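Okay, structure first, notes after.
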Protein chains: 2
Amino acid sequence: MVTISDVAKLAHVSKMTVSRVINHPEQVSDDLKKLVYDAMEKLNYVPNYAARALVSNRTQVIKFLILEEMDTTEPYYMNLLAGIAKELDRNYYSFQLVTRKSMDIGQCDGMIATGVRSYDYDTILKEFSKPIILFGQSDRGYDFIDVDNEKGMRLTTRHVVSLGFEKIYFFGIDLQEPFMSARLKGYLDTVNSYGLPNYLYRMKNSSRVAERNAKEILSNWKEKCAFVCASDRIALGVIRAAQSLQLQIPDQVAVTGFDGVFLDRISSPHITTIRQPVVEMGEACARMLLKKIQEDGKSQGHRFFEPELLVRPSTVHV
Amino acid sequence: MVTISDVAKLAHVSKMTVSRVINHPEQVSDDLKKLVYDAMEKLNYVPNYAARALVSNRTQVIKFLILEEMDTTEPYYMNLLAGIAKELDRNYYSFQLVTRKSMDIGQCDGMIATGVRSYDYDTILKEFSKPIILFGQSDRGYDFIDVDNEKGMRLTTRHVVSLGFEKIYFFGIDLQEPFMSARLKGYLDTVNSYGLPNYLYRMKNSSRVAERNAKEILSNWKEKCAFVCASDRIALGVIRAAQSLQLQIPDQVAVTGFDGVFLDRISSPHITTIRQPVVEMGEACARMLLKKIQEDGKSQGHRFFEPELLVRPSTVHV
DNA sequence: TTAAATTTTGTTACCGCTAACATGAACATA
DNA sequence: TATGTTCATGTTAGCGGTAACAAAATTTAA
């Protein structure tokens, strides 16, 4: 293994100068810097992060806490994880994937938490003293990253309005959480602004439940209608309901989802949905957390990502 | 932060004795051991893994290399990851999620690789000098973990035979890899053993492609037939094809999948499939890798997990 | 009883790196 | 020329832990 001492020897400088070149290059003269860089290159030097972690009293580990039941949300998280991983790699951090049960195991420099529900604040999050970033909007003053949920739902609702639908059902998730309130608001504001009536339904985020509910509504179908759903999973159920009742998609029934991760493309027909740039959001989470760690826990605020409407055959003919 | 020295002071012993209690307790007398344990408890001592990593020249990091396109396989990997994470947590290891591009970034003590194809051996794997475990069977002498693919396919094929189907299509994935050969063999051996003809199709692992192929076959449907598919994704396509042709599932057309992760339950009807115990397999991967690291790279052989047939409405009435 | 062997415990040095301080050179000021 | 002031570089010590050796305590053998 090549160490800082090897580099120092080859460059005929002290270890400290090499260390400075790496961490505070502005303090070193250009001549020496060049010598050191050349030596590093020649020896293929790679810093030892365990040593650095030891001296700076850090771990180079961050935790990713998933508080939701994972199998209801899997495909979504894999992308998020990929984004987080990408940014962490770049900074020589590694991560631990933890759940409620395993979150206390081992040390870390900070945490990204997702699937946080109201009741988690007092139990899980309060205990945690290291920097933390939430994935998913929060109204408790925590730093977070999320897509602009309200705007996303405005986009889908406006989309079906523009297609001439006047009976527009909202199929939401039965959670009293900020992201759902925002999506609901996006729907309500839009139908109100067009002077259309609203039809609110809230249910478990499950394709079967959505299928059942949609079937009931559609069983005595009379006029064309649209379902704007709070998730692709729910949209999937609605599509199946319409198909089993032999209703034409998208002419008699139009359906929109939310997320744009995986399920929208598994469905047939593909689902018009709001794409969340999940990978980029993962990167942003990691970046924000690393910055927060570096700045000694200073609050980083929040950031909403721009939602993107993907128009697909569940609302329009190709 | 509580260190080994704090414990030593409280227990009135040397640092070394504390270290020994942790790593080689058999070398310490019971009296001192008790003193040390009490002190550790009282102070809530947690070892510093960066320090340990430094002195033992390890990183406490393992990499998880995904060589497949991730969005074709996401749901599967999330579970695998969960399993790996669980076992690593227990051993105070963290991990890095890497791809072809990022695999050289940072150090590690070993790697778990998945989605490995024939051409990867000479390019990616040969370069890597640390212990490595493959997820997915291999015929190149690498240590690996997989489900018993051959047996899994025997189970689904035998299942549809037992339901009275005599025309049984095999919808495989167009990859010349050991796992596919094994699944194919499981199908062929079974139909042969019953004196039934075989019908082989191989295609991209995509529900759309499968849908198209199945539609062609089913468009002039005459007799009841079954499709044993090499993935749930392909099975999903076949089910959609049958439904769009108004064929009754499971009476006129029966369908089985493979994997039992996520997609089997997204489908309607749910898919009869082979459940792979993916979480446990992930744990096993991690355990095997840690053992290999500990034993200085010694070969660990391989392990096949038992596949489990899940019977669902895509082959039988509920 | 005493030397030798064995077990238990302590001391030292070092893993690779960096903060804090020490030194020395270059330049400005009086 | 003597005396600060900067700036660039080197020296020292220590982060928390463990291997290797040394010393002390105990057991065994003669």
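Chain letters run A, B, ... following the sequence lines, proteins first and then strands; every chain starts at 1. As the structure is a prediction and not an experimental result, all values here were calculated from the model.
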Q | Any A:Asn23 side-chain N or O less than 4.0 Å from OP1/OP2 of C:dC17 | A | no
Q: Let me know the distance between CD1 of A:Ile4 and P of C:dC14, rounded to the nearest Å.
A: 18 Å
Q) What's the closest nucleotide to the A:Val13 side chain, out of D:dA19, D:dG10, D:dG16? A) D:dG10
Q) So does B:Thr3 get a side-chain nitrogen or oxygen closer than 4.0 Å to the phosphate oxygens (OP1/OP2) of D:dG16? A) no
Q: Can you measure from NZ (A:Lys63) to CG (A:Asp109) and round to the nearest 0.5 angstrom?
A: 11.0 Å
Q | Atom-to-atom span, CD of A:Gln27 to C1' of C:dT18 - whole angstrom | A | 12 Å
(Q) For a quick check of understanding: with a heavy-atom distance under 4.0 Å over all strands, which category does A:Ile22 fall into, base, sugar-phosphate or nothing? (A) nothing
Q: May I ask you to evaluate whether B:Ser29 reaches the phosphate of C:dT9, defined as a side-chain N or O under 4.0 Å from OP1 or OP2?
A: yes
Q) In whole Å, what is the span from the NZ atom of A:Lys33 to the P atom of D:dC7? A) 15 Å
Q | Donor-acceptor pair under 3.5 Å, B:Lys15 side chain vs D:dG17 base | A | yes
Q. Judged by modelled atom types alone, do A:Gln60 and A:Ser94 share a side-chain donor-acceptor pair under 3.5 Å?
A. no
Q. Which whole-number value in Å describes the distance from B:Arg58 CZ to D:dG17 P?
A. 15 Å
Q. If you find the nucleotide of DNA chain C closest to B:Val55 and the one closest to B:Met16, which residue's nucleotide is nearer the 5' end?
A. B:Met16
Q: Using a 4.0 Å heavy-atom cut-off across all strands, classify B:Thr17 as base, sugar-phosphate, or nothing.
A: sugar-phosphate
Q. Between B:Tyr92 and B:Tyr49, does the ring centroid distance fall short of 6.0 Å?
A. yes
Q. Under the 3.5 Å rule, do the base of D:dG17 and the side chain of B:Arg20 count as making a donor-acceptor pair?
A. no
Q. Hey, what's the ring geometry for A:Phe144 with A:His302, parallel, tilted or perpendicular (30° and 60° as the breaks)?
A. parallel
Q. Counting just side-chain N and O atoms, does A:His24 come under 4.0 Å of either OP1 or OP2 of C:dT18?
A. no
Q: Provide the closest heavy-atom pair for A:Asp143 versus A:Lys298 in the form atom of the first, atom of the second, distance.
A: OD2-O, 4.4 Å
Q.
Nearest whole Å is fine: how far is D:dG10 P from A:His12 NE2?
A. 12 Å
Q) Which part of the nucleic acid does A:Val18 contact within heavy-atom distance under 4.0 Å: base, sugar-phosphate only, or nothing? A) nothing
Q | Side-chain N,O (B:Asn57) to OP1/OP2 (C:dC15) below 4.0 Å | A | no
Q.
Could you tell me how far apart B:Leu43 (CG) and D:dG16 (P) are, to the nearest whole angstrom?
A. 14 Å
Q | Atom-pair distance (CD on B:Gln107; P on C:dG16), nearest Å | A | 11 Å
Q: Give a yes-or-no answer on whether the side chains of A:Tyr121 and A:Ser138 include a donor-acceptor pair shorter than 3.5 Å.
A: yes
Q: Would you tell me if any nitrogen or oxygen in the side chain of A:Ser14 comes within less than 4.0 Å of OP1 or OP2 on D:dG10?
A: yes
(Q) Mind checking if B:Tyr45 touches a base, just sugar-phosphate, or nothing, with heavy atoms under 4.0 Å? (A) sugar-phosphate
(Q) Nearest whole Å is fine: how far is D:dG16 C1' from B:Met40 CE? (A) 15 Å
Q. Heavy atoms under 4.0 Å, any strand shown: does B:Asn48 hit a base, just sugar-phosphate, or nothing?
A. sugar-phosphate
Q. At under 4.0 Å, does any side-chain N or O of B:Arg52 touch on OP1 or OP2 of D:dT18?
A. yes
(Q) Taking the nucleotide of DNA chain C with the nearest heavy atom to each, does B:Asp30 or B:Leu54 sit closer to the 5' end? (A) B:Asp30
